[in-house]
Each structure stands twice: as C-alpha cells, then as structure tokens.
Amino acid sequence: MEKTIFQKIIDHEIPASIVYEDDQCIAFDDIDPQAPTHCLIVPKQLIARLREAKKEHQALLGHLLLVAGEVARIKAIDPNGYRVVINCGRDGGETVPHLHVHLLGGRSLQWPPG
Ligand code: 5GP
C-alpha cells in the first residue's frame, strides 16, 4: 500500500516542522495553516480515520488529546484557548486518510464552522 503523506513525515522521508514526538505520535505544523497556530497530531500507528478506530485504540486516542494539550502549551496558546478538530470522511472534510487531530489557535475562532 502507498504510504500516506503523514506516514512519510513519521518516517522522516519528507520534511515537516516537528513540534513534538514520542513513541506513539508526532505533531507538526500544518502546511496550509487556517489559524496562526495550526498543528496536526498524528498517531504513528496507521488508523485511516476515526470511523476505523476500535476499542483497542482507546488509550492511543486519549493520548492524542493529551498531546494536543501539550502542543498547545508548547505553542503558548493555552492561556487564551484553542480548538481541537478531527475531520472524518467526505462530509467531515477529511483529505488525508491517516487519522490526525487538528489543533488550532492564536485567534478567536468562529462557531459554527462552515
Ligand atoms: P484533513 O483535511 O484530512 O482533516 O487535514 C489534512 C491536513 O493536512 C490539511 O490541513 C493539510 O493542509 C495538511 N497537509 C497536507 N499535506 C501536508 C504536508 O505535506 N505537510 C504538512 N505539514 N501538512 C500537510
């Protein structure tokens, strides 16, 4: 199977501005930021999207959210707040079939999203 673009970043085959990395996930700046801070937190284990996540991934999913909070601290956006988003499938706006958590902040974000 062809590697996803995120798998190539995980494998350090293509460059990314990496903010955080541990044995379970990697976080890096989005190439097309939608806010002053826009990072992606990506599990090293390939789960295509949230729809494909199973009970066995429960701890990993929790870890991704805790890392999102840690990245918010690293980026110094946690005092003012931020948004965490997972796009799933066509209507969710997913474009890369490798589960990832968006962390957005650094400006006031509108609700509801488009
Ligand atoms: P999705 O639409 O699937 O929820 O989010 C995919 C995100 O990946 C988009 O925000 C897009 O800008 C970002 N992205 C796509 N290709 C690359 C890349 O090569 N490098 C980085 N850093 N981000 C990427």
Side-chain angles (χ1 to χ4, degrees):
M1 200 173 78
E2 170 83 12
K3 282 186 182 183
T4 66
I5 193 83
F6 293 165
Q7 191 63 52
K8 291 177 184 171
I9 291 173
I10 290 165
D11 293 341
H12 298 279
E13 290 174 9
I14 62 167
S17 177
I18 295 170
V19 181
Y20 174 95
E21 183 170 9
D22 64 24
D23 59 327
Q24 296 182 73
C25 69
I26 190 166
F28 50 86
D29 293 329
D30 197 292
I31 204 168
D32 181 22
Q34 302 302 309
T37 294
H38 185 176
C39 297
L40 303 171
I41 299 98
V42 183
K44 292 186 174 179
Q45 178 183 357
L46 175 59
I47 304 167
R49 60 192 58 79
L50 193 59
R51 197 163 55 210
E52 267 66 67
K54 298 184 170 47
K55 183 80 178 166
E56 71 207 50
H57 302 125
Q58 182 169 314
L60 175 59
L61 294 174
H63 182 70
L64 297 177
L65 292 181
L66 288 175
V67 169
E70 176 61 18
V71 173
R73 283 187 284 279
I74 291 169
K75 290 287 191 175
I77 58 170
D78 59 323
N80 284 348
Y82 50 85
R83 185 170 295 165
V84 170
V85 173
I86 298 175
N87 297 326
C88 179
R90 186 192 59 196
D91 283 359
E94 171 202 311
T95 58
V96 178
H98 187 142
L99 179 68
H100 48 283
V101 174
H102 294 258
L103 171 71
L104 297 135
R107 67 171 169 85
S108 182
L109 299 163
Q110 301 303 305
W111 191 265

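Heavy atoms only: backbone and side chains are in, while hydrogens, waters and symmetry mates are out. Just follow the structure's listing: the first ligand is 1, and inside any ligand the first atom is 1. A quick note: this is a predicted structure, and the numbers were derived from the prediction, not measured.
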Could you give all pairs that pass the salt bridge (Lys or Arg N to Asp or Glu O under 4.0 Å) test and reach residues 24-36, with sequence neighbours left out?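 Passing the test, one end in residues 24-36: Asp29-Lys75.
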Mind checking what makes side chain to side chain contact (heavy atoms under 4.5 Å, CB included) contact with Asp11, not counting sequence neighbours?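 With sequence neighbours excluded, Asp11 shows a side chain to side chain contact (heavy atoms under 4.5 Å, CB included) to Lys3, Gln7, Glu13, given in chain and number order.
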When you measure from the side chain of His63 to the backbone of Pro43, do you find a donor-acceptor pair of N or O atoms at a distance under 3.5 Å?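 It does not hold such a pair.
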Qualifying residues under ring pair (Phe, Tyr, Trp, His ring centres under 6.0 Å), relative to Phe28, sequence neighbours excluded: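 In terms of ring pair (Phe, Tyr, Trp, His ring centres under 6.0 Å), with neighbours along the sequence ignored, Phe28 is linked to Phe6.
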List the steps, then state whether salt bridge (charged side-chain N to carboxylate O under 4.0 Å, His left out) holds for Glu2 with Lys8. CA-CA 10 Å; Glu2 170 83 12; Lys8 291 177 184 171; 3.4 Å; yes
May I ask you to check whether His98 and His100 place their ring centers less than 6.0 Å from one another?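 No; His100 has its ring centre 6.0 Å or more from that of His98.
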Anything under 3.5 Å between an N or O on ligand 1 and a protein N or O? List each pair with its distance, or write none.
residue, atom, partner, partner atom, Å
ligand 1, 2 (O), Gly93, O, 3.0
ligand 1, 2 (O), Thr95, N, 3.3
ligand 1, 2 (O), Thr95, OG1, 2.9
ligand 1, 3 (O), Thr95, N, 2.6
ligand 1, 3 (O), Thr95, OG1, 3.1
ligand 1, 3 (O), Val96, N, 3.0
ligand 1, 3 (O), His100, NE2, 3.0
ligand 1, 4 (O), Asn87, ND2, 2.8
ligand 1, 4 (O), His100, NE2, 2.9
ligand 1, 4 (O), His102, NE2, 2.8
ligand 1, 5 (O), His100, NE2, 2.9
ligand 1, 5 (O), His102, NE2, 3.3
ligand 1, 10 (O), Asp30, OD1, 3.3
ligand 1, 10 (O), Asp30, OD2, 2.5
ligand 1, 12 (O), Asp30, OD1, 2.5
ligand 1, 22 (N), Asp29, O, 2.9
ligand 1, 22 (N), Ile31, N, 3.4
ligand 1, 23 (N), Ile31, N, 3.3

